[in-house]
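When a ligand or atom number is given, it counts from 1 through the structure's own listing order. Atom set for the values below is all heavy atoms of this structure, side chains included, hydrogens, waters and symmetry mates excluded.
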Amino acid sequence: MHYISTRGEAPALAFDDVLLTGLARDGGLYVPESWPQFSVADLEAMRAFSYSDLACRIMTPFLGGTIPEEDFAEMVAEAYASFESEDVVPMVDMGDGQWLMELFHGPTLAFKDVALQLLGRLFDHVLQKRGERVTIVGATSGDTGSAAIEACKDREAIDIFMLYPFGRVSEVQQRQMTTVTSTNVHNVAIEGTFDDCQDLVKACFNDLPFRDEVNLSAVNSINWARIMAQIVYYFRAGLMLGAPEKSIGFTVPTGNFGNIYAGYAAHLMGLSVEQFVVASNRNDILFRFFEKNAMEMEMVVPTLSPSMDIQVSSNFERLLFDLLDRDGAKVSHAMTKFRDSGKLTIAETVWEKSRERFDACRIDDVITTEVIDRVYRECGMLIDPHTAVAIEAAQVKRRNPSLEMVSLATAHPAKFPDAVKNATGIMPALPVHLSDLLEREERFTLLSNQLDLLQEFIRSRVNKS
Ligand SMILES: *Cc1c(COP(=O)(O)O)cnc(C)c1O
């Protein structure tokens, strides 16, 4: 199994190299050269598997022999033992053929843990085997930083530096990062905005001597291994609801298109999926694409579901690669034009092909709030704003009333307490493992917004932990 770039110019790589590389050298994203296939008999045999066994079965073909199977099984078991629910991703029956799959039972209460808990272990394994170390530097406006920190803490071959704007993230978000006191975790509060933090990270990556000196790396959402780990729960849901005999639907609250693309990958591997609904908030570039073949960049507006406040969905390029018959030159041409003009143009026939299985729906903050309230009154369940967007989109767009539809619940309600309280009058409680979060000791370093100070700080901490 090798991986090729969506832009066709970068060398094909094996799994371990793709894991550490992230973005391809030609600016493209890595995808498998061919999709592993599971037959009807294979799928039937998987029905009784535990989550970890299913995860190993689905992901092993992607490793192409680069990681010993026993080691991989151990990493998978450890990663999913960190989840609060025995089912890892439990399903809730909402009635009328509507289901909710809860992906937020990991350590930081958002679906990113499903992939990152495994990714941290994979990074460490490959680096230790090579006798290398990396320095991961990232910026966060609050949400993804904690998932990356939890994934990397105590990993011997990794140092992680997470920059966040001082005084501009919520207390829960800040404490989910700063109360992790492992010696390889370095929380850096910057006197500035989130954009300042992002600019500092970019500047570190653009400073090539510095980049080489500390072996900079990232665990961002275009990393193939993150997609790979997310494919598993689509199979899980399908098998629970009658696959392979029955076809089902998925509705996914979408930002960078990584989560829903993993569902599409499951479909290409033999899971029969009749419909995918892309659920967006006011930042609706994907909605405009699927609705009328008009993908045009606009300004990002802040919403109640901030993890979807994105204009350019990087993983969409992986779907585009398929729609354009896996022709890297065509993808490269389309993406260059998109970058230069802010507009993606694809032929009507290609767009129609995308519509065979994909629909999209846009839900604004007013409706999001109404849905949180309605679900609480009708089911007695508190849901977060991202999940609310999906639930509404699933109801509006389900193509056929006999199709079992699974909406993905991507965050725990306690991660977005203000929106939930505002809608229902109830303050969602943190789960037990975080209930003393506000009393725990914090550790962070406050730095002014200056590149040289940051670089000096990183140099002084790397390798000394
Ligand atoms: C990251 C995130 C999303 C968006 O997922 P993508 O893979 O970027 O489409 C949705 N909901 C929550 C809570 C998230 O953290």
### Message
If you apply the rule ring-ring contact (aromatic ring centres under 6.0 Å, His included), what do you find for W224 with F62, and how did you get there?
### Response
CA-CA 10 Å; W224 162 255; F62 288 118; 5.4 Å; yes
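Looking at residues two or more places apart in sequence or on another chain, you find a salt bridge (Lys or Arg N to Asp or Glu O under 4.0 Å) between E404 and K246. In this view, F416 and H386 satisfy the ring-ring contact (aromatic ring centres under 6.0 Å, His included) rule, not counting sequence neighbours.
For an aromatic pair to be called close, the ring centres must be under 6.0 Å apart, and Y164 with F194 fails this. Aromatic ring centres of F111 and F104: separated by at least 6.0 Å.
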Let me check something: any side-chain donor-acceptor pairs from residues 420-429 under 3.5 Å, sequence neighbours excluded? List them with distances.
{"residue": "T424", "atom": "OG1", "partner": "V420", "partner atom": "O", "Å": "2.8"}
{"residue": "T424", "atom": "OG1", "partner": "I426", "partner atom": "N", "Å": "3.0"}

Below 3.5 Å only, please: the N or O atoms of ligand 1 paired with protein N or O atoms, distance on each line.
{"residue": "ligand 1", "atom": "7 (O)", "partner": "G258", "partner atom": "N", "Å": "3.3"}
{"residue": "ligand 1", "atom": "7 (O)", "partner": "N259", "partner atom": "N", "Å": "2.9"}
{"residue": "ligand 1", "atom": "8 (O)", "partner": "N256", "partner atom": "N", "Å": "2.7"}
{"residue": "ligand 1", "atom": "9 (O)", "partner": "G255", "partner atom": "N", "Å": "2.8"}
{"residue": "ligand 1", "atom": "9 (O)", "partner": "N256", "partner atom": "N", "Å": "3.2"}
{"residue": "ligand 1", "atom": "9 (O)", "partner": "F257", "partner atom": "N", "Å": "3.0"}
{"residue": "ligand 1", "atom": "11 (N)", "partner": "T410", "partner atom": "OG1", "Å": "2.9"}
{"residue": "ligand 1", "atom": "15 (O)", "partner": "K112", "partner atom": "NZ", "Å": "2.5"}
{"residue": "ligand 1", "atom": "15 (O)", "partner": "S307", "partner atom": "OG", "Å": "3.4"}

